[in-house]
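Here the structure comes first, spelled out in structure tokens, and everything after it is commentary.
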Amino acid sequence: MPEGPEVETVRRSLAPLVVGTALGRARVSRLKLRTPTTSRQLAFLDGSVVDEVGRHGKLLWLQVRSGGGLCIRLGMTGQLTVADATTTPLAHTHVRIALGDGARELRYCDPRRFGEVVPFADAAGLQAERQDMGPDGITLDDAGRAIVSDGLRRTGRAIKEALLDQRLVAGVGNIYAAEACFIAGLNPTRAGHSLSVKEARQLVAAVEETLLQGVARRGTSFSDYVDAEGVQGDNAAHLWVFQREGEVCRRCGTVIERFVQGQRSTFLCPSCQR
DNA sequence: CCACTCCTGCGT
DNA sequence: ACGCAGGAGTGG
């Protein structure tokens, strides 16, 4: 569920709740996440103070003073929240880590268990988790923009599938890939190498625009997604095409179409997108 | 490149 | 009962 903007919203809402706070004991359920993690593996965090909450693409991490920490990938249904420790956790809460004096705790809930909570020992360990990711789409600089637009023009893949590849640009998922293609006026099935230089640049600009809009609206919530305080985002009401099959294009009035591309749903306006 | 897999839950 | 869901890896 969560893409870059949702993860960034979690990061921003989580940071003030945990930075400068000591982590306590971690409790992990027996049900396995995509990468299994045990309470034992998280024991080294007990007593360390959180220095930073970071993000690159859809990867989120908490770094403690020793330089170690915790990487979190939210998968499709992950929620990372801070809650009063006396409240009953949601079903499918797999990890609970006490905060400060223990009145509150950090909770990772993930019904489908496609996400993961993985410890890292030091800066090199964190770097290893970030290994194969391209530049972060929310914080692109000129060099990053060039890497992404050049990468698009070099691939024979369909542009929407290319945008979903985290090695090209990190943080774009199924919602924002479809939205970026709409904003750029490009059919998602266009091959990357069919793009002119200008079209590739427009697509990169559209990726940035849609991701930044998502952040500004605190994420897109259809069902599961909430920030660290349990608050939903407002972006769903502002989408151009995603999940709007059969509705009319907000720009031209043509009926939005849905089809399957790379085993994922894609949406487009057949008249705005060529 | 494609199909399939890991899971649960919800809407039709 | 079935199709579908915001992710990502694997194996053919």
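All chains are named by letter (A, B, ...) in the order of the sequence lines, taking the proteins before the strands, and each is independently numbered beginning at 1. FYI, side chains are in, hydrogens and waters are out, and symmetry mates aren't considered; it's all heavy atoms of this structure.
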(request) Return the value, rounded to whole Å, for the distance between atom CD of A:E179 and atom P of C:dG6. (result) 13 Å
(message) Nearest whole Å is fine: how far is C:dG7 C1' from A:L168 CG?
(response) 17 Å
(message) Going by side chain to side chain contact (heavy atoms under 4.5 Å, CB included), name the residues that satisfy it together with A:L140, two or more places apart in sequence or in a different chain.
(response) A:P135, A:R145, A:V148, A:V204, A:E208
(message) How long is the straight-line distance from SG of A:C252 back to CD of A:Q273, given to the nearest 0.5 Å?
(response) 9.5 Å
(message) I'd like to check the side-chain hydrogen bond (donor to acceptor under 3.5 Å, both in side chains) partners of A:R218; sequence neighbours left out, ordered by chain and number.
(response) A:D227
Show which side-chain atoms of residues 40-48 of chain A pair as donor or acceptor with protein atoms under 3.5 Å away, not counting sequence neighbours.
{"residue": "A:Q41", "atom": "OE1", "partner": "A:T38", "partner atom": "N", "Å": "2.8"}
{"residue": "A:Q41", "atom": "OE1", "partner": "A:T38", "partner atom": "OG1", "Å": "3.4"}
{"residue": "A:S48", "atom": "OG", "partner": "A:L45", "partner atom": "O", "Å": "2.6"}

(request) At the 4.0 Å heavy-atom cut-off to chain A, mark where contacts on DNA chain B begin and end, going 5' to 3'. (result) B:dC1 to B:dG9
(message) Can you measure A:E129 atom CD to C:dA8 atom C1' for me and round it to whole angstrom units?
(response) 14 Å
(message) Heavy atoms within less than 4.0 Å of DNA chain B: which residues of residues 110-118 of chain A have one? Give them sorted by number.
(response) A:P111, A:R112, A:R113, A:F114
(request) Check the distance between C:dG6's P and A:Q166's CD and give it to me in whole angstrom. (result) 14 Å
(request) Using the C1' atom on both, measure B:dC1 against C:dG6 and round to a whole Å. (result) 24 Å
(request) Would you mind telling me which of C:dA5, C:dG7, C:dA8 lies closest to the side-chain atoms of A:N174? (result) C:dG7
Taking only distance into account, with no hydrogens and no angle test, what donor-acceptor pairs under 3.5 Å do side-chain atoms of residues 233-243 of chain A form with protein atoms, sequence neighbours excluded?
{"residue": "A:N235", "atom": "ND2", "partner": "A:T220", "partner atom": "OG1", "Å": "2.9"}
{"residue": "A:H238", "atom": "NE2", "partner": "A:R217", "partner atom": "NH1", "Å": "3.4"}

(request) Establish, from distance only, whether the side-chain atoms of A:E179 and A:T210 form a donor-acceptor pair under 3.5 Å. (result) no
(message) Does atom CZ (A:R201) have a neighbourhood of more than 12 heavy atoms from anything else shown, all under 6.0 Å?
(response) no
(request) May I have the distance from A:Q79 (atom CD) to C:dG7 (atom P), rounded to whole angstrom? (result) 15 Å
(message) In whole Å, measure the gap between the C1' atoms of B:dC10 and C:dA8 for me.
(response) 22 Å
(message) Using only atom types and a distance under 3.5 Å, with no angle test, would you say the side chain of A:Y176 pairs donor to acceptor with the backbone of A:E3?
(response) no
(request) Tell me, please, which residues at least two apart from A:H56 pass side-chain hydrogen bond (donor to acceptor under 3.5 Å, both in side chains). (result) A:R130
(message) Using heavy-atom distances to pick each residue's nearest nucleotide on DNA chain B, tell me which of A:T155 and A:H92 is more 5'.
(response) A:T155
(request) Between B:dA3 and C:dC4, how far apart are the P atoms? Round to whole Å, please. (result) 14 Å
(message) For a quick check under 3.5 Å, do A:T87 and A:R107 share a side-chain donor-acceptor pair by atom type?
(response) yes
(message) Distance check, rounded to the nearest 0.5 Å: A:D110 atom CG versus A:L31 atom CG?
(response) 10.5 Å
(request) List for me each residue that meets side chain to side chain contact (heavy atoms under 4.5 Å, CB included) alongside A:T88, sequence neighbours excluded, and say none if there are none. (result) none
(message) What does the 5'-to-3' dot-bracket notation of DNA chain C look like when only Watson-Crick and G-U wobble pairs under 3.5 Å count, and pairs to other strands show as |?
(response) |||||.||||||
(request) Under the salt bridge (Lys or Arg N to Asp or Glu O under 4.0 Å) rule, collect the residues that match up with A:E116, sequence neighbours excluded. (result) A:R34, A:R73
(message) I'd like to know if the side chain of A:N174 and the backbone of A:S265 have a donor-acceptor N/O pair within less than 3.5 Å.
(response) yes
(message) Taking the P atom in each of B:dC4 and C:dG3, what is the distance between them to the nearest angstrom?
(response) 13 Å
(message) Taking only the C1' atom of each, what is the distance from C:dG9 to B:dG9 in whole angstrom?
(response) 23 Å
(request) Using atom CD1 of A:I72 as one end and atom P of C:dG6 as the other, report the distance to the nearest whole Å. (result) 22 Å
Would you list the atom pairs, donor with acceptor, under 3.5 Å between side chains in residues 59-66 of chain A and any protein atom, with sequence neighbours excluded?
{"residue": "A:W61", "atom": "NE1", "partner": "A:E52", "partner atom": "OE1", "Å": "3.1"}
{"residue": "A:Q63", "atom": "NE2", "partner": "A:G67", "partner atom": "O", "Å": "3.0"}
{"residue": "A:R65", "atom": "NE", "partner": "A:D51", "partner atom": "OD1", "Å": "3.0"}
{"residue": "A:S66", "atom": "OG", "partner": "A:G68", "partner atom": "N", "Å": "3.2"}

(message) What is the distance, to the nearest angstrom, from the OH atom on A:Y176 to the C1' atom on C:dG6?
(response) 9 Å
(request) Would you mind reading off the distance between A:R264 atom CZ and C:dG6 atom C1', rounded to a whole angstrom? (result) 7 Å
Report each atom pair, protein N/O against N/O of nucleotides 9-12 of chain C, whose distance is under 3.5 angstrom.
none

